[in-house]
Structure formats: structure tokens, C-alpha cells
Amino acid sequence: MSLARSDRDRYAEIRDGVRQLCANFGGDYWRRLDRDRAYPTEFVKALTQAGYLAALIPEEYGGSGLPLSGAAAIMETIQHAGGNGAACHAQMYIMGALLRHGSDAQKAKYLPKIASGALRLQAFGVTEPTSGTDTSSLKTTARRDGDHYLVNGQKIWTSRAEHSDLMLLLARTTPKEKAAKRTGGLSVFIVEMREALGKGLTIHPIRTMMNHSTTEVFFDDLRVPAENLLGEEGKGFRYILSGMNAERVLIAAECVGDAKWFIDKAVAYAKDRVVFDRPIGQNQGVQFPIARAYAQMRAAELMVAEAARLFEVGADCGAEANMAKLLAADASWAAAEACVQTHGGFGFAEEYDIERKFRETRLYQVAPISTNLILSYLAEHVLGLPRSY
Ligand SMILES: Cc1cc2nc3c(=O)[nH]c(=O)nc-3n(C[C@H](O)[C@H](O)[C@H](O)COP(=O)(O)OP(=O)(O)OC[C@H]3O[C@@H](n4cnc5c(N)ncnc54)[C@H](O)[C@@H]3O)c2cc1C
């Protein structure tokens, strides 16, 4: 029995529950949101009420205290059902930083409300327009001023900022040239966005090729209470990094779910569609790309399970989490391509949902980390090749 199969059995009940919930949010629901570029309010509400969004929050704070593999099973099932779980994965992994590095007071203040759905923690302000992937060069500053920090600067691609109550913000508290190392001098803050709007915080939506509620965010002397600093000043980069492996595993699980959705659709259509008096799926030219994508998906699924397993026993899972994300994003993209090709012209029709999922799954080659940067990580940290940047 493979790891992935035992994992599937372990979470069979959760998968069933998520599948049933997702059945109330079919293609017409996601198509309407996509058309209007709208936030999935009803879906997020239903997931919260069912407790799935609080999967990783410990029971003492009102969550279900599931391990990472449980959260991954939830994400995979949402995507496999044709939905879009972006809001869910964000809340799950952003919350991890608060859980691991927040003070008892911060955890008591925010976690129960996040678990109940009274507060959304779905915005993560790291990327900036000028620094891009080079996070240590970010320019947003937070300067201590009495009981507050004054935040100035700009973030880009801050997804769900308009729909989240809280944002986890990475800003520079010590100038780069004065920090002991490149990645030092960065700090993480919990920003209460409803309070901050109009008082130094401005949000501008960015329309993108898929529905992702992403934005650019401007800070102009925004006052953030000093008590909202997460952990110690100057250690923010480390805190953000410590959450990245979990994020990679969750995103990879989503990609596996997407790949399964595309493969299911492609197989069903290839059996059904008759051209030249036989099902198109009888042609090897149609079969092979789907079969290849299936093999890629299964390999990725095993790597996701392995990365989650290592994460859960507290072992270093940097290589596995990165490989899971790489393999799964490639598998979902291969499956998306095979699915469109199998459907011929119908792959482009909105009502089939394939073009929507195709646009959505393309993101994972770039965000939250691009494929190139994963390859650089593997080359340098696993294979011992010289650092390339
Ligand atoms: C829809 C969407 C939602 C997002 N949501 C969030 C969010 O909520 N919060 C947040 O903080 N960020 C978010 N991001 C940002 C995302 O994480 C970045 O877009 C991603 O990390 C890539 O950074 P960049 O766009 O600045 O590309 P750049 O860093 O400018 O890179 C551009 C290209 O060059 C390549 N490249 C750069 N350096 C190297 C190198 N040394 N070697 C090889 N190739 C290299 C990259 O792989 C990439 O393909 C989101 C992005 C998108 C598109």
C-alpha cells in the first residue's frame, strides 16, 4: 500500500465531508465569481462553519488540531471537486506563523476568532514591486515610535487584502546595510486592516487572468501597535521561512487535486466523444498525454505525502516540500494541457470550466514561489552546486 493510499484512508471521512460540502458549490457558482472577480464569501462561510478552515488551529483555541496531512487532504479535495481553495490555504498557512511565533496574548486574542470565522487572517504582505523574489531587498519599513511602529512602503500581489480582517506583514525594522546579515532586520506584524483602512493603509485591486482577489497595498505612516509585533524584532525572515514548507505542501496538495479534476474530465470526455465512428480515447495520441499526466500526478502525490510526513515528525522537509510543489505544479499543468487538448474546441467554452481551471492552475508555476527558484534551491542545498544568485 502506498503512502498516498494510506493517507487517503486516514482522511476518508474528512474527504467525504469536504466533497459533500463542495457539491453545493458547483461550476456555475465558480463561473459566476470568476466572471465578477468576486470573493467566494458563501463558500468560505460554509467551510468555516464546518470547521475545515480551522483545521490546523489547536483544539484549545477552537480549531480541530489536525496535522498538516489533514489540511492537505482538505485542500486537495476542494480542488478535485472543481473549486478554488486559495482563501483556505492562505488562512491555514498564515495562521501557522501566529501559532508558532505569536505570544500567548496574541494567540488568545486572535486564534479563537479566526477559528470561529469572526476574523479572517487571509492576507500575507511579503512581495514588493521592486524586490520581487529577492525578499531580503524589500523596502517597506517599520520604525518604532513610542508604543507603535510607523509603517511606510508598498506591497504588491497581496491577495484577499480587501476580504481579510488581518494581514501578516513583513517589513524592515533595521536598514539592510546595518543588519548583521542579508536576511536580518526584517520583522513580522499583525495588521488589523479594518482599523488601518483610511488611516495610512490604502488597497488597490489588481485584475488578473483568474479570480484571485489580489491587490497592491500602500502604507503611509500607518501606526501599528508595538504589541502586534510577532516574536522578536529582526527575526521576521526566519518566521516567514519556517512557514514556507507547510505552505508548499498545501499548495502541492491543491495542484494534485487540480490534476485529478483535469484527468477525470479528460478521461470521461475521451470515452464519450465519438469522432470517425469511435471514441477519441481509443487513439493513443489522445490517451498518452492523459496517462502521462496521471503518472506525474501520482508521483507528486507520493512526494506530498512524504513531505507532510517529515513535517509532522519535525524533520527537515525543505527538499521534499519544494519537490512536492515543483512536481505537483508540473503535474497539474500537464493535466490541464491534456484536458484542453482532449476537449478540442469545447475546452475553450466557459461552461465546461476547463478554461477557468486552466487559468487558475497556471499560477502555481509562478506563485507562491516560481519553479526556477525551487530548482535553484535543489541545485544549491541538495546537490551542493554553487549559489546562482
Ligand atoms: C495571483 C498572485 C497572487 C499572489 N499572492 C501573493 C500574496 O498573497 N502575498 C505575497 O506576498 N505575494 C503574493 N504573490 C507574489 C508571488 O509570490 C510572486 O509573484 C512570486 O514569488 C514571483 O515573484 P515576482 O513576481 O516578483 O517575480 P520576479 O522575482 O520578478 O521574477 C520574475 C521571473 O524571473 C525568474 N527569476 C528571478 N530570479 C531568478 C533567479 N535567480 N534564477 C532563475 N530565475 C529567476 C522567476 O522565476 C520569475 O519567473 C502573488 C502573485 C500572484 C501572481
Side-chain angles (χ1 to χ4, degrees), residues 33-34 37 39-40 84-97 120-140 151 153-172 182 186-191 193 203-219 236-237 239-241 243-244 246-248 250-252 254-255 258 322 325-326 329-330 333 356-381 383 385-389:
L33 296 183
D34 183 59
R37 291 296 188 268
Y39 180 84
N84 185 341
C88 326
H89 77 226
Q91 177 136 321
M92 285 176 182
Y93 74 77
I94 301 171
M95 185 281 305
R120 286 189 197 142
L121 170 55
Q122 295 178 4
F124 193 42
V126 175
T127 309
E128 296 192 0
T130 55
S131 51
T133 307
D134 181 8
T135 305
S136 67
S137 297
L138 63 77
K139 294 198 171 61
T140 297
V151 179
Q154 182 192 350
K155 295 288 173 184
I156 194 165
W157 308 123
T158 313
S159 303
R160 298 161 299 275
E162 293 175 296
H163 305 282
S164 184
D165 301 288
L166 305 170
M167 175 202 291
L168 215 64
L169 170 71
L170 186 66
R172 195 157 266 296
R182 212 165 49 92
L186 295 167
S187 302
V188 175
F189 299 89
I190 304 164
V191 178
M193 297 174 78
I203 305 172
H204 291 166
I206 304 176
R207 220 180 140 82
T208 52
M209 73 188 257
M210 70 296 180
N211 181 23
H212 206 84
S213 308
T214 200
T215 71
E216 48 183 347
V217 177
F218 298 87
F219 306 97
F237 189 80
Y239 299 159
I240 296 294
L241 261 194
M244 297 242 165
E247 181 193 16
R248 307 243 196 287
L250 291 176
I251 300 275
E254 278 176 52
C255 291
D258 274 348
N322 274 293
K325 157 71 174 58
L326 175 87
D330 282 354
W333 186 233
R356 170 179 63 83
K357 293 280 281 182
F358 183 85
R359 286 183 279 115
E360 288 172 358
T361 216
R362 180 63 180 82
L363 175 65
Y364 299 121
Q365 294 285 337
V366 171
I369 182 170
S370 73
T371 299
N372 276 3
L373 268 291
I374 293 185
L375 292 170
S376 294
Y377 175 91
L378 295 175
E380 183 186 339
H381 296 284
L383 303 177
L385 291 165
R387 185 178 174 84
S388 62
Y389 56 91

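Heavy atoms only: backbone and side chains are in, while hydrogens, waters and symmetry mates are out. On a predicted model such as this, the values are computed, not experimentally measured, just so you know. Just follow the structure's listing: the first ligand is 1, and inside any ligand the first atom is 1.
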Nearest neighbour in protein (non-hydrogen) for atom 46 (C) of ligand 1: Ser370 OG, 3.5 Å
Heavy-atom proximity to atom 3 (C) of ligand 1, best of Ala379, Ser213, Ser159, Ser388: Ser159
Point-to-point distance, once rounded to the nearest 0.5 Å, from CG of Asp258 to CG of Leu363: 10.5 Å
Protein contact for atom 32 (C) of ligand 1 (heavy atom, distance under 4.0 Å): no
For Met210, atoms of ligand 1 separated by under 4.0 Å from a heavy atom: 1 (C)
For atom 30 (O) of ligand 1, closest protein heavy-atom neighbour: Gly132 CA, 4.5 Å
Nearest option to atom 23 (O) of ligand 1, as decided by whichever heavy atom of Thr130, Thr371, Thr133 sits closest: Thr133
Any Ser376 side-chain heavy atom under 4.5 Å of Ser388 side chain: yes
Non-neighbouring partners of Asp330 that pass salt bridge (charged side-chain N to carboxylate O under 4.0 Å, His left out), sequence neighbours left out: none
Residues Ser131 and Ser137: side-chain donor-acceptor under 3.5 angstrom: no
Top protein contact for atom 20 (C) of ligand 1, by heavy-atom distance: Val366 O, 3.6 Å
Option set Thr214, Leu170, Leu363, criterion heavy-atom distance to atom 52 (C) of ligand 1, minimum: Leu363
Atoms in ligand 1 flagged as close to Tyr389, the criterion being non-hydrogen separation under 4.0 Å: 41 (N)
Heavy-atom nearest neighbour in the protein, as seen from atom 9 (N) of ligand 1, with distance rounded to 0.1 Å: Phe124 O, 2.7 Å
Verify atom 15 (C) of ligand 1: protein non-hydrogen atom under 4.0 angstrom away: yes
Between NE2 on residue His204 and OG1 on residue Thr158, distance to nearest 0.5 Å: 12.5 Å
Atom 25 (O) of ligand 1 - nearest protein heavy atom and its distance: Trp157 NE1, 4.2 Å
Donor-acceptor pair between Glu216 and Gln154 side chains, under 3.5 angstrom: yes
Residue pair Lys155 / Thr127, side-chain heavy-atom distance below 4.5 Å: no
Nearest neighbour in protein (non-hydrogen) for atom 44 (N) of ligand 1: Asn372 ND2, 3.0 Å
Closest protein heavy atom (residue, atom, distance) for atom 17 (O) of ligand 1: Pro368 O, 3.3 Å
Validation row: Glu128, Leu138 side chains within 4.5 angstrom (heavy atoms): yes
Sub-4.0 Å atoms of ligand 1 with respect to non-hydrogen atoms of Val126: 11 (O)
Spatial distance of atom CD (Gln365) from atom CG (Leu326) [nearest 0.5 Å]: 8.0 Å
NZ or CZ of Arg387 within 45° of Tyr389 ring axis and under 6.0 Å: yes
Test applied, side chain to side chain contact (heavy atoms under 4.5 Å, CB included); reference residue, Thr140; option that passes from Leu170, Val126, Val151: Val151
Pair Glu254, Tyr364: side-chain N/O donor-acceptor within cut-off below 3.5 Å: yes
Min heavy-atom dist Lys155 to ligand 1 below 4.0 Å: no
Polar atom proximity, Thr208 to ligand 1 (N or O, under 3.5 Å): no
Shortest protein heavy-atom distance from atom 42 (N) of ligand 1, along with the residue and atom involved: Ser376 OG, 4.3 Å
Per atom 38 (N) of ligand 1, closest listed option by heavy atom (Val217, Leu373, Thr215): Leu373
Atom 11 (O) of ligand 1 touched by protein heavy atom at under 4.0 Å: yes
